[in-house]
There are 2 protein chains.
Amino acid sequence: MNIGAAAKSSGVPAKTIRYYESIGLIPPAHRTESGYRDFSKIEIDTLRFIQRARSLGFPVKDVAKLLDLWHDRSRASSDVKALATGHVEAIDRKISELHSMRDTLLHLVTQCHGDDRPDCPIIDGIAGGEQMTAADIAS
Amino acid sequence: MNIGAAAKSSGVPAKTIRYYESIGLIPPAHRTESGYRDFSKIEIDTLRFIQRARSLGFPVKDVAKLLDLWHDRSRASSDVKALATGHVEAIDRKISELHSMRDTLLHLVTQCHGDDRPDCPIIDGIAGGEQMTAADIAS
DNA sequence: CTTGACCTTCCAGTCTCTGGAAGGTCCATA
DNA sequence: TATGGACCTTCCAGAGACTGGAAGGTCAAG
């Protein structure tokens, strides 16, 4: 299976597959006589695994760890769980950071009449900052 | 005021101030005879504005637009509101994306006993993907 | 045999900094 | 006055995760 078909079947773009090979996330693919990459079913499964892990937000380095854990049949499930739990916590931190940004911003937005006049509580809020809250402190 | 004092007083690290100058977000600072950057109070206010806008998650390009809007006294508040509203929507999209990741992942995590045994629903979930939901589709 | 869709490599750009090296400057103290 | 340490300067490189594009080779259909 060439890289285009592998991309379609795994959901990982061809360019990204080459990139993953270049950084060593996946081993170098076999080549046909003419130099085209040739992917086996197992390699497609690996790409799909990577695609799913990435879509869950795991950084590429963690995906590498997950691939190792996947192939290590003697590893404890607690190892995987620790990695996943850490990631959930990272997501939670990100979410609450975004929430505080959103709250502050929405507060300013609702105070702005948004018409032709130049007076604007949003700009004033960013410039003055007196009523800035979580997002301000969090930075 | 030299760059170190400007950094302290604005909350923008010295390195970042130089970076902002290099990309044109702020105009080149005045220099002392010996070549040190010298910041006025107005420039510190600008840096503070930038710091607050960035802490609200505005991308640097939008911060540039906000700076223009800040200095344009004839602009309509609706222009600012449009920018801010667009950003709130972007934040909302990000939050819901993270939420669906979190939900999927937490579902897998709670199914994993996390002990010494190798059997692991997290790895199986990523590999098999049958019970993958939003995060899978969202990608 | 030509055409068009694929494949290859390599370089550059995105975005927002951040670290580090090599060297100049400023100020206070000995 | 000399010296030390804390500042400042520039420039280059790297992070993370791709993505675009150019230049050129290959494959399959008509």
Side-chain angles (χ1 to χ4, degrees), chain A residues 1-26 28-39 43 47 49-67 87 90-91 93-94 97-98 101 135 138-139, chain B residues 1-26 28-39 43-44 47 49-67 87 90-91 94 97-98 101 135 138-139:
Chain A
M1 205 190 291
N2 68 22
I3 201 169
K8 234 173 235 169
S9 151
S10 68
V12 181
K15 278 239 147 184
T16 306
I17 296 173
R18 290 193 197 99
Y19 167 72
Y20 285 162
E21 191 187 278
S22 83
I23 60 167
L25 181 65
I26 54 175
H30 299 117
R31 302 293 182 125
T32 64
E33 280 184 6
S34 61
Y36 282 25
R37 284 177 185 79
D38 190 31
F39 296 86
E43 287 162 334
L47 288 170
F49 183 98
I50 292 170
Q51 198 282 321
R52 294 219 183 80
R54 290 289 297 126
S55 81
L56 288 173
F58 285 101
V60 169
K61 283 202 174 165
D62 284 0
V63 175
K65 285 184 205 158
L66 285 169
L67 283 170
H87 184 47
I91 291 174
R93 277 193 298 277
K94 195 105 207 171
E97 189 188 340
L98 288 172
M101 285 179 186
S139 76
Chain B
M1 206 190 288
N2 68 20
I3 201 169
K8 235 173 235 169
S9 150
S10 69
V12 180
K15 279 238 146 187
T16 306
I17 296 174
R18 291 192 197 101
Y19 166 72
Y20 286 160
E21 190 187 277
S22 81
I23 61 167
L25 181 65
I26 53 175
H30 300 117
R31 302 292 182 125
T32 64
E33 280 185 8
S34 63
Y36 281 25
R37 285 177 184 79
D38 190 30
F39 297 86
E43 287 162 335
I44 303 299
L47 287 170
F49 183 97
I50 291 170
Q51 198 283 323
R52 294 219 184 81
R54 291 287 300 127
S55 83
L56 288 173
F58 284 100
V60 171
K61 283 201 175 166
D62 285 0
V63 175
K65 286 183 204 159
L66 286 170
L67 284 170
H87 183 49
I91 291 174
K94 196 101 207 171
E97 189 188 339
L98 287 173
M101 285 179 185
S139 77

Below 3.5 Å between N/O atoms, which protein atoms pair up with nucleotides 4-7 of chain D? Just atom names and distances, please.
| unit_1 | atom_1 | unit_2 | atom_2 | d |
| --- | --- | --- | --- | --- |
| D/dC7 | O2 | B/Y36 | OH | 3.4 |

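- Atom CD1 of A/I17 is separated from atom P of C/dT9 by 13 Å (rounded to the nearest Å).
- Phosphate contact (OP1/OP2 of D/dG25, side-chain N/O of A/S34, threshold under 4.0 Å): absent.
- The side chain to side chain contact (heavy atoms under 4.5 Å, CB included) test applied to B/Y36 returns B/T32, B/S34, not counting sequence neighbours.
- Every residue meeting the side chain to side chain contact (heavy atoms under 4.5 Å, CB included) condition with A/A64, not counting sequence neighbours, appears here in chain and number order: A/L25.
- Proximity of a side-chain donor or acceptor of A/N2 to a complementary backbone N or O of A/D38 within less than 3.5 Å is not detected.
- Contacts of A/K65 classified as salt bridge (charged side-chain N to carboxylate O under 4.0 Å, His left out), with partners at least two apart in sequence or in another chain: A/D62.
- Applying the 4.0 Å criterion to OP1 and OP2 of C/dT8, one finds that A/R37 has a side-chain N or O inside that range.
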Run the side-chain contact (heavy atoms from CB on, under 4.5 Å) test on A/R54 and A/V63 for me, step by step, so that the C-alpha distance in whole Å, both residues' side-chain angles and the decisive distance to 0.1 Å come before the verdict. CA-CA 7 Å; A/R54 290 289 297 126; A/V63 175; 3.9 Å; yes
Summary of protein contacts for nucleotides 10-20 of chain C, nucleotide by nucleotide, where a base hit scores B, a sugar-phosphate-only hit scores S (4.0 Å, heavy atoms): B----SBBSBB
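- Among the atoms of the strands shown, base atoms are found under 4.0 Å from some heavy atom of B/R18.
- Atom P of nucleotide D/dC18 and atom CD1 of A/I26 are separated by 12 Å, given to the nearest angstrom.
- Rounded to the nearest 0.5 angstrom, B/Q51 CD and B/L56 CG are separated by 9.0 Å.
- Applying the side-chain hydrogen bond (donor to acceptor under 3.5 Å, both in side chains) rule to pairs touching residues 10-24 of chain A yields A/E21-A/R37, sequence neighbours excluded.
- Atom-to-atom, CE of A/M1 to P of C/dC6 comes out at 16 Å; the value is rounded to the nearest Å.
- For the ring pair (Phe, Tyr, Trp, His ring centres under 6.0 Å) test, residues two or more places apart in sequence or in another chain that qualify with A/F49 are A/W70.
- At the phosphate of C/dT9, OP1 or OP2 sits under 4.0 Å from a side-chain N or O atom of A/R31.
- Spacing between atom CZ of A/F39 and atom C1' of C/dT8 amounts to 12 Å, rounded to whole angstrom units.
- The line from CG of A/L66 to NZ of A/K61 is 14.5 Å long, rounded to the nearest 0.5 Å.
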